[in-house]
Amino acid sequence: MKVKRILSTIAAVAVALCSFSLPAITGVSPPMAVTVSAAETDVNGITATKERVRRNESFDIVVNVPPAAETADTVEIRLSFDPEVFEVTSWNPSVSGGSSQKNYDNSKGFAILAAANSDVNLSGGLTFSATVRAKNSAPTGAHTFRLSRGDVSNTETGYSWQPETREVSVKVVDRIVSVSGSVYMTAQELPKNFDGTASVVMTDSIGKTSRVTVEMEPSSDGVTYEGFYMFSDAESEETYTIRTEVGGCTVRTETLKLEFSSVNMDMKMNIKGDVDGDGRIGASDATQILKFLVGSVSVIRDSQGILNEYLYDVACVDGGELSPRDATQILRHVAEFPSVFDNI
Ligand SMILES: [Ca+2]
């Protein structure tokens with residue numbers, strides 16, 4: 001009898017094709033912000049204190065020689081860089097004992113340290129640091145510093161330093177822009193897991209993340225909840241993924257390739273199982289799933305054959321790929337049988 005009730009619910013479903021809007025991207029004026037990311041400093045070889053810099057911004061190129069129970073009679077370090085992009089503003093490395101020379105040339109693009117007949121104790125390791133600036137005319141993009149010579153050795157003992165890292169890349173970025181927008185959901189009945197907030201995480205192409213927590217305020221009708229997020233330290237010409245999480249809703253992940261202006265990207269969040277986005281889990285959602293599964297036009301796949309990946313995820317309430325079991329779970333919930341929604 002229960003099965004019949006469920007089937008009759010399907011039969012009674014009125015097919016309402018709801019319109020659904022994708023996140024809108026529009027230009028807004030860019031605010032000012034600064035982003036800094038310190039690189040690792042315990043590298044054996046060459047490293048940089050910043051992975052990204054803007055024009056005229058300074059940073060350090062560091063050469064680390066790890067500790068060894070040795071002394072060195074020869075120390076020769078040569079850093080090479082593109083003089084069209086960078087210029088050395090300070091290079092004052094020192095080694096103890098013997099005679100040493102240091103020099104840098106911003107037209108040829110190098111910095112050198114050479115020490116001979118020295119007796120350099122390596123028990124604490126060595127660190128040499130050059131302060132460098134991205135030139136005002138530097139082209140954007142990734143540029144390389146090379147440890148083109150790294151000879152720390154002892155002719156008597158045969159010790160010879162082997163750097164693990166001989167190149168480091170520093171990216172020159174044009175400007176800092178912002179990514180912001182609204183996070184909103186429609187809920188006729190609040191999900192149990194909804195705590196009044198949204199979590200928005202922005203990740204760049206090398207895995208650096210920023211996170212904000214957004215307060216979701218109810219609208220006057222008490223059905224729509226909305227908050228506003230902003231990342232003010234995004235970089236032009238970078239690709240980001242933005243992952244938005246709201247308790248009880250399906251996680252939404254969008255990819256965004258930035259150009260030279262700030263963008264607004266709104267995130268409509270659907271309660272898990274609310275495929276048609278009307279704010280409740282109903283038989284009409286099961287209908288959308290069944291239409292999709294038989295190849296008909298639905299909110300999940302439109303008449304052009306384009307898949308809405310987010311709504312596909314919203315429909316997958318039972319894990320794995322979309323199947324009739326997902327529709328069954330929705331109908332069980334509507335008929336007030338135990339279902340996966342009992343824990344959402
Ligand atoms: Ca619905």
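Numbering of ligands and ligand atoms starts at 1, following listing order. This is a predicted model, so every value here is computed, not measured.
Counted by atom type alone, N121 and T71 present zero donor-acceptor pairs between their side chains at under 3.5 Å.
Between the Ca ion (ligand 1) and the N, O or S atoms of D278, the shortest distance is to OD1. The Ca ion (ligand 1) is closest to atom OD1 of D274 (considering only N, O or S atoms).
The Ca ion (ligand 1) has R280 among its coordinating residues (N/O/S atom, backbone or side chain, under 3.0 Å).
For the pair R133 and F86, the cation does not sit on the ring face, since its NZ or CZ is not both under 6.0 Å from the ring centre and inside 45° of the axis. Remark: R252 qualifies as a cation-pi partner of Y310 under the 6.0 Å distance and 45° angle criteria applied to the six-membered ring.
With the Ca ion (ligand 1) at the apex, D276 OD1 and D285 OD2 define an angle of roughly 120° (rounded to 10 degrees).
No donor-acceptor pair under 3.5 Å is formed between the side chain of R146 and the backbone N or O of S80.
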